[in-house]
Amino acid sequence: MVKEIPARGNICGKCLPARYTLAVLGSIGMAIIYGLKVNLSVAMVAMLNHTAIGTDNVNLSYNINDDLAKTVEKCQPPDGDTDNYVAILEDGPFDWSGPLQGTLLSCYFWGYLISQIPGARIAENFSAKWVMLTAVAINVFCTILTPIFTKLHYVGLIFMRVLEGIGGGVTFPAMHCMIAAWSPPNERSVMSTIIYVGTSFGTAVSILMAGFLSDHLGWESIFYVMGGLSCIWMILWIIFVQDNPSQQRFITAEEREMINGSLGQSKEDTKDGHAPTPWKQVLTSIPFWAILIAHCCSNWGWYMFLIEVPFYMKQVLALNVTSNAMASAMPYFPLLIFSIVLGKILDTLKAKEKITTTTARKISTTIASVIPMSCLLILCYIGCRHTWAVAIMTIGIISMGAMFSGFLSNHIDIAPNFAGTLVALTNTLATLPGIIVPIFVGFITKDNQTIAAWRIIFFVTIVLFVIEFVVYIIFGSGEEQPWNKKNQTSDSENTPLRSKQNNS
């Protein structure tokens, strides 16, 4: 029996209901996780002794003059200003080789891959709130300890990053469980978007903050300041967030009744927290496979836009956008606004019964696949138009924000009781493109940094976007699946948690 705590009213009154207090704090939590995840990429520039290891090993400086003569398929820098394309890097204390740098940057995913499914089951069976708190705490404390362990030996940095990956891996499963317990079905798109757009916001803020701190206070300050500030969030999360509305004291009785009523829950409902996962039904579910395929294909495209397209514009178009923190971070701010507005529009249409949950998810996934696909196709033939290339990349990144209210929310629709496990499964496999994409691009472009070589890369990505679009449009569904709960079937995809009377 779920113990109900007396409702004392929202902490912010009517301006911020309890469910949106959760969404905002969840978004900040995701921002912290992703900010602490990417800060090493910026910090490493200041940490390396570039003189000792040589520029050939680090790939952090780039002299455009040497490569422009190799092929006519490369572009001149804007206004022919080649002198500004030589990066001048100050030496740091570490002489890590190129392969070791790659290991240090990628070892985060070692922990990320192994923790998701166990974390999901703990969140579903015990407490998603405390799983999320533990995830952030691990990242915060490891971040603060990173300078100390790194100075001892690079193995210490690897150890810290693997632990951070273990914490980061459980965040999506934990937050999916929280959304399933807190979000009325007709607000699910916007609540999911608010929470998960924090990943993009955290990435942008981390790039800007890490660059500023490195320049003014040294590389160690990146880890001390960003880790220290994140401790404030942990206090707020403990005080103001609970696993479900019935356990939340900072909520009005009306809001609690509205959420529980929309989810088909009551005081008398029991929670089978230790229900075993129906693995056979999950792995033979067509809607689940549609989400899985969309998630993997979308992540391939996401990592392509996030990492490789800026590299293409630097190496081939001779546009050094990756060295400018502001230019690198800029697309994520309009992405945040676009994603939330789209989620709100879809939820409003669902509430007015203009569209179904299935239609909402397919609209979002279509935007997140067709527009980026079109942008890559344009990049294949746009030539050396630098301004257009930056604009096209920005549009592609912004449009991918639609995935938050698309397939990424769909796990909660089809099986809210196992939403954490489902997203753990899809996100584990969808992490692999983050490892494969750099290897694939490196293989295709080895000694061949040309527009023709990059067209091959872009066309492979376009094909995957097409697969995502076709598979999800045909097989995606917003309806609750029969295996979600024993003796329960869905009579409305717009209220997927609505319970029904037993026939017996």
Q. Got a second to check how far Ile122's CD1 is from Phe126's CZ, nearest 0.5 Å?
A. 7.5 Å
Q) Does Thr203 offer a backbone N or O that forms a donor-acceptor pair with the side chain of Ser206 under 3.5 Å? A) no
Q. Can you find a heavy atom in the side chain of Cys297 that is under 4.5 Å from one in the side chain of Phe465?
A. no
Q.
Does any part of the side chain of Thr146, heavy atoms only, come nearer than 4.5 Å to the side chain of Glu164, both counted from C-beta?
A. yes
(Q) Whether the side chain of Ser399 engages the backbone of Gly396 through a donor-acceptor N/O pair (distance < 3.5 Å, no angle test) should be reported. (A) yes
Q. Does any non-hydrogen side-chain atom of Leu217 lie less than 4.5 Å from one of Tyr224?
A. no
Q.
How about CZ on Phe159, more than 12 heavy atoms from neighbouring residues, nucleotides or ligands closer than 6.0 Å, or not?
A. no
Q. Which value, rounded to the nearest 0.5 Å, describes the distance between Met403 atom CE and Ser364 atom OG?
A. 11.5 Å
**Q.** Contact check, side chains of His411 and Thr426, non-hydrogen atoms, under 4.5 Å
**A.** yes
Q | Enclosure of Phe212 CZ (heavy-atom neighbours >12, cutoff 6.0 Å) | A | no
Q: Under the salt bridge (Lys or Arg N to Asp or Glu O under 4.0 Å) rule, collect the residues that match up with Lys151, sequence neighbours excluded.
A: Glu220
Q: Identify, with sequence neighbours excluded, every residue that meets side chain to side chain contact (heavy atoms under 4.5 Å, CB included) alongside Gln281.
A: Pro278, Trp483
Q: Would you give the length of the straight line joining atom CG of Asn417 to atom CG of Asn484, rounded to the nearest 0.5 angstrom?
A: 4.0 Å
**Q.** More than 12 heavy atoms from other groups under 6.0 Å of OH on Tyr154
**A.** no
Q: Begin from the C-alpha positions of Tyr108 and Val162 and carry the test side-chain contact (heavy atoms from CB on, under 4.5 Å) through to its verdict.
A: CA-CA 5 Å; Tyr108 179 94; Val162 172; over 6 Å; no
Q: Please find out if less than 6.0 Å separates the ring center of Phe305 from that of Trp300.
A: no
Q. What's the spacing between Leu263 CG and Ser183 OG if we round to 0.5 Å?
A. 7.5 Å
(Q) If you count every heavy atom of other residues, nucleotides or ligands that lies below 6.0 Å from Ile286 atom CD1, does the total exceed 12? (A) no
Q: Give the C-alpha distance, both sets of side-chain angles, the deciding distance and a yes or no for side-chain contact (heavy atoms from CB on, under 4.5 Å) between Leu36 and Val136.
A: CA-CA 10 Å; Leu36 301 184; Val136 174; over 6 Å; no
Q. Mind checking whether Cys296 and Leu432 have side chains closer than 4.5 Å, heavy atoms only?
A. no
Q) Using 30° and 60° as the class limits, which term best fits the ring planes of Tyr34 and Phe172: parallel, tilted or perpendicular? A) perpendicular
Q. Do the side chain of Thr431 and the main chain of Asn427 share a donor and acceptor less than 3.5 angstrom apart?
A. yes
**Q.** Phe201 CZ: over 12 foreign heavy atoms closer than 6.0 Å
**A.** no
Q: Please report the shortest heavy-atom distance between Leu425 and Leu292, naming the atom on each side.
A: O-CD1, 4.4 Å
(Q) Between Asp243 and Trp182, does the side-chain contact (heavy atoms from CB on, under 4.5 Å) criterion hold? Intermediate values first, please. (A) CA-CA 8 Å; Asp243 280 307; Trp182 272 93; 5.8 Å; no
Q: Return the minimal non-hydrogen interatomic distance between Val471 and Ala290, and the atom names on each side.
A: CG1-CA, 4.1 Å
(Q) For the backbone of Ala210 and the side chain of Asn39, can you confirm whether one donor and one acceptor N or O come within less than 3.5 Å of each other? (A) no
**Q.** side-chain hydrogen bond (donor to acceptor under 3.5 Å, both in side chains) between Tyr196 and His176, worked out
**A.** CA-CA 10 Å; Tyr196 292 131; His176 257 50; 2.5 Å; yes
**Q.** Nearest atoms (heavy-atom pairs only) where Ala430 meets Tyr303
**A.** O-CE1, 4.3 Å
Q | Side-chain (Asn410) to main-chain (Ile291) donor-acceptor, under 3.5 angstrom | A | no
Q: Taking the side chain as every heavy atom from C-beta outward, state whether Leu113 and Ile435 have any pair of such atoms under 4.5 Å apart.
A: yes
Q.
Before we go on, tell me: are the rings of Phe94 and Trp219 under 6.0 Å apart, centre to centre?
A. yes
Q. Looking at residues at least two apart in the chain, or sitting in another chain, which of them share a side chain to side chain contact (heavy atoms under 4.5 Å, CB included) with Ser200?
A. Trp302, Tyr332, Leu335, Phe404
Which side-chain N or O atoms in residues 230-239 pair as donor and acceptor under 3.5 Å with protein atoms at least two apart or in another chain?
| residue | atom | partner | partner atom | Å |
| --- | --- | --- | --- | --- |
| Ser230 | OG | Met226 | O | 2.8 |
| Trp233 | NE1 | Leu25 | O | 2.7 |
| Trp237 | NE1 | Lys129 | O | 3.0 |

Q.
What I'd like to find out is whether the side chain of Trp289 reaches to under 4.5 Å of the side chain of Phe475, using heavy atoms alone.
A. no
(Q) Any heavy-atom pair between the side chains of Ile166 and Tyr112 that's under 4.5 Å? (A) no
(Q) Donor-acceptor check, side chain of Ser127 to backbone of Ala123, threshold 3.5 angstrom: yes or no? (A) no
Q.
With no hydrogens and no angle check, just 3.5 Å: does a side-chain donor-acceptor pair link Glu124 and Thr421?
A. yes
Q) For Thr150 and Met47, what are the C-alpha separation, side-chain angles and deciding distance, and is it a side-chain contact (heavy atoms from CB on, under 4.5 Å)? A) CA-CA 10 Å; Thr150 303; Met47 295 168 70; 3.9 Å; yes
Q) Could you give the distance from CG (Leu152) to CD1 (Ile148), rounded to the nearest 0.5 Å? A) 8.0 Å
Q) Which atom names give the shortest non-hydrogen contact between Leu16 and Tyr20, and what distance separates them? A) CD1-CB, 3.7 Å
Q.
Can you tell me how far apart CE (Met191) and OG (Ser189) are? Round to the nearest 0.5 Å.
A. 11.5 Å
Q) Is a side-chain N or O of Thr171 found less than 3.5 angstrom from the main chain of Gly168, in a donor-acceptor match? A) yes
Q | Donor-acceptor pair, side chain of Arg256 and main chain of Gln248, under 3.5 angstrom | A | yes
Q | Closest approach of Gly476 to Lys362 (non-hydrogen atoms, all atoms of both residues) | A | O-CE, 3.2 Å
Q.
Pairing donors with acceptors under 3.5 angstrom, does anything connect the side chains of Asp413 and Thr357?
A. no
Q. Taking it one step at a time, do Arg188 and Ser405 satisfy side-chain hydrogen bond (donor to acceptor under 3.5 Å, both in side chains)?
A. CA-CA 8 Å; Arg188 188 163 291 155; Ser405 54; over 6 Å; no
Q: List in chain and number order the residues that pass salt bridge (Lys or Arg N to Asp or Glu O under 4.0 Å) with Arg19, two or more places apart in sequence or in another chain; answer none if no residue qualifies.
A: Glu187, Glu255
Q: Applying side chain to side chain contact (heavy atoms under 4.5 Å, CB included), name anything that partners Thr394, two or more places apart in sequence or on another chain.
A: Pro331, Val390, Ile398
Q.
Checking the side chain of Ser369 only, and the main-chain atoms of Thr366 only, is there a donor and an acceptor separated by less than 3.5 Å?
A. yes
Q | Check: Gly218 main-chain N/O paired with Ser221 side-chain donor or acceptor under 3.5 Å | A | yes
Q) Shortest non-hydrogen contact from Ile355 to Ala360? A) CD1-CB, 3.8 Å
